[in-house]
Participant: 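Dropping a structure here in structure tokens format, bear with me for questions.
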Amino acid sequence: MKKIIQLFLLVFAVSYLSAQEFEISTLRIGPYKIFMKNDEADQFGTKLKQSNYELKNAVKYNGETILIATTQDYDDQGKETSKMVIQGLSTKSKKFKTKSGIGIGSTKDDVINAYKNYPSYSVYPSYDDKGNKQNNSSNFVLNDLDAGTTLTFTIVNNIVTEMQVFINEGC
């Protein structure tokens, strides 16, 4: 009986830790967090370079790709530091899920049902690079007003195809 309880606890602990590895929220994708400085991110084995708001740092995390945007970090007096800070994250990996179970492959209805009572959300149509509205694509955006971030679900043909976490600059 004692061995069964130990086995159960081990399985529970492993499943709990593995679930956290692939968590996405309004602040993170996996271990990478918004506002994380580059030297903190370096511990995961990838050197980040400055990308000026563009998702140009492609990193592998447990075999899955995360795109990272960085920008210059500033101190309390508004002066540049020698560090960069993560300002955006994106993934198309099916492994990452929110605590509500939403991820790549979830339906538009799944997203709406999971977040219809969220304090602040928006839905926008998608546009291509030329500014043309895409009739089969939209963005469902959770606004985390306390953290100053957004979690965006890109939905194409009623299926989530990408998830992005960004600093909300109030634009």
Side-chain angles (χ1 to χ4, degrees), residues 6-106 110-111 114-115 118 120-121 126 139-156 159-171:
Q6 289 175 338
L7 179 64
F8 175 74
L9 290 174
L10 178 65
V11 169
F12 177 75
V14 169
S15 64
Y16 177 76
L17 290 174
S18 65
Q20 283 190 326
E21 286 180 358
F22 292 103
E23 185 178 325
I24 185 168
S25 72
T26 58
L27 285 171
R28 71 170 50 244
I29 295 181
Y32 296 98
K33 301 177 212 169
I34 297 296
F35 306 114
M36 179 183 272
K37 293 184 180 7
N38 62 311
D39 56 347
E40 293 174 77
D42 288 350
Q43 70 180 320
F44 302 111
T46 303
K47 299 284 185 199
L48 299 177
K49 53 187 178 284
Q50 188 161 343
S51 64
N52 293 326
Y53 301 100
E54 296 179 25
L55 295 163
K56 289 192 173 181
N57 289 286
V59 300
K60 288 286 188 184
Y61 174 70
N62 286 344
E64 303 301 315
T65 301
I66 300 172
L67 298 177
I68 301 176
T70 61
T71 191
Q72 185 65 48
D73 189 31
Y74 294 87
D75 65 18
D76 293 340
Q77 285 76 40
K79 294 181 182 177
E80 284 188 8
T81 70
S82 62
K83 298 181 184 202
M84 293 174 292
V85 64
I86 293 177
Q87 67 176 27
L89 302 158
S90 176
T91 190
K92 293 182 179 183
S93 168
K94 291 184 176 187
K95 287 191 178 180
F96 292 97
K97 304 267 186 217
T98 66
K99 284 186 180 180
S100 299
I102 302 300
I104 304 302
S106 296
D110 293 338
V111 175
Y115 297 109
Y118 194 81
S120 178
Y121 68 87
S126 293
N139 294 296
F140 188 99
V141 182
L142 299 178
N143 301 295
D144 186 335
L145 302 175
D146 293 331
T149 60
T150 60
L151 170 55
T152 302
F153 301 94
T154 300
I155 300 170
V156 178
I159 302 294
V160 175
T161 60
E162 183 176 14
M163 297 178 292
Q164 295 184 346
V165 180
F166 265 91
I167 293 173
N168 184 355
E169 297 194 1
C171 298

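All figures in this text were calculated on a predicted structure; none of them were measured in a lab.
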Participant: Name all residues meeting the ring-ring contact (aromatic ring centres under 6.0 Å, His included) criterion together with F166; count only those two or more places apart in sequence or in a different chain, and write none if there are none.
Facilitator: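 Per chain and number, F166 pairs via ring-ring contact (aromatic ring centres under 6.0 Å, His included) with no residue.
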Participant: Could you grab the distance from atom OG1 of T70 to atom CD of Q87, nearest 0.5 Å is fine?
Facilitator: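 Output value for this atom pair is 7.0 Å.
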Participant: To the nearest 0.5 angstrom, please state how far the OG1 atom of T65 sits from the NZ atom of K60.
Facilitator: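 Spacing of OG1 (T65) from NZ (K60) equals 3.0 Å.
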Participant: Using the rule side chain to side chain contact (heavy atoms under 4.5 Å, CB included), only one of T98, V141, D144 pairs with L151; which is it?
Facilitator: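 Between L151 and the candidates, side chain to side chain contact (heavy atoms under 4.5 Å, CB included) is satisfied uniquely by T98.
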Participant: For the residue pair Y121 and F140, categorise the inter-ring angle as parallel (less than 30°), tilted (30 to 60°) or perpendicular (more than 60°).
Facilitator: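 Ring orientation, 0 to 90° scale: parallel.
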Participant: For the residue pair Y32 and V59, establish whether any side-chain heavy-atom pair is separated by less than 4.5 Å.
Facilitator: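 The answer is yes; the side chains approach within 4.5 Å.
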Participant: Do Q164 and T154 meet the criterion of a side-chain donor-acceptor pair at a distance under 3.5 Å?
Facilitator: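 The criterion, which ignores hydrogens and geometry beyond distance, is not satisfied for T154 and Q164.
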Participant: My understanding is that only residues two or more places apart in sequence, or in another chain, count here; which of them pass salt bridge (charged side-chain N to carboxylate O under 4.0 Å, His left out) with K49?
Facilitator: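 In terms of salt bridge (charged side-chain N to carboxylate O under 4.0 Å, His left out), with neighbours along the sequence ignored, K49 is linked to no residue.
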Participant: The criterion is salt bridge (charged side-chain N to carboxylate O under 4.0 Å, His left out); which residues satisfy it with K95, sequence neighbours excluded?
Facilitator: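 For K95 the salt bridge (charged side-chain N to carboxylate O under 4.0 Å, His left out) partners, ignoring immediate neighbours, are E64.
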Participant: Minimum heavy-atom separation for I104 and S93, please, with both atom names.
Facilitator: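 For I104 and S93, the tightest heavy-atom pair comes out as CG1-O, 3.2 Å.
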Participant: Output the distance between atom CG (L89) and atom CD1 (I29), rounded to the nearest 0.5 Å.
Facilitator: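 L89 atom CG to I29 atom CD1 measures 5.0 Å (nearest 0.5 Å).
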Participant: So, taking the atom named OG1 in T71 and the one named CG in N38, what distance separates them when rounded to the nearest 0.5 Å?
Facilitator: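 Going from the OG1 atom of T71 to the CG atom of N38 covers 11.5 Å.
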Participant: Is there a donor-acceptor contact under 3.5 Å linking the side chains of T81 and D75?
Facilitator: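 On atom types as modelled, these side chains do not qualify, holding no pair under 3.5 Å.
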Participant: Output the distance between atom CG (N57) and atom OG (S90), rounded to the nearest 0.5 Å.
Facilitator: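 Reported to 0.5 Å precision, the distance equals 12.5 Å.
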Participant: Under the criterion side chain to side chain contact (heavy atoms under 4.5 Å, CB included), I'd like the reasoning laid out for V165 against R28: C-alpha separation, chi angles, the key distance, then a yes or no.
Facilitator: CA-CA 7 Å; V165 180; R28 71 170 50 244; over 6 Å; no
Participant: With sequence neighbours left out, what residues match K47 under salt bridge (charged side-chain N to carboxylate O under 4.0 Å, His left out)?
Facilitator: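 Salt bridge (charged side-chain N to carboxylate O under 4.0 Å, His left out) list for K47, sorted by chain: D42.
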Participant: Please, which pairs that meet salt bridge (charged side-chain N to carboxylate O under 4.0 Å, His left out) have at least one residue in residues 78-92, sequence neighbours excluded?
Facilitator: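 Sorted result for residues 78-92: D39-K83.
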Participant: Checking ring pair (Phe, Tyr, Trp, His ring centres under 6.0 Å) against F153, which of Y118, Y115, F96 comes through?
Facilitator: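 Answer to the ring pair (Phe, Tyr, Trp, His ring centres under 6.0 Å) test with F153 among Y118, Y115, F96: Y115.
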Participant: Salt bridge (charged side-chain N to carboxylate O under 4.0 Å, His left out) with E40: which residues, sequence neighbours excluded?
Facilitator: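 Result, salt bridge (charged side-chain N to carboxylate O under 4.0 Å, His left out) vs E40: none returned.
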Participant: Side chains of T149 and N168: do they bring a donor and an acceptor to under 3.5 Å?
Facilitator: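 Looking only at side-chain atoms, N168 and T149 do not form any donor-acceptor pair under 3.5 Å.
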Participant: Give me the atom names and distance for the closest heavy-atom approach of I86 to A41.
Facilitator: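 Closest approach of I86 to A41: CD1-CB, 4.3 Å.
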Participant: When rounded to the nearest 0.5 angstrom, what is the spacing between NZ in K56 and CG in L48?
Facilitator: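 Output value for this atom pair is 14.5 Å.
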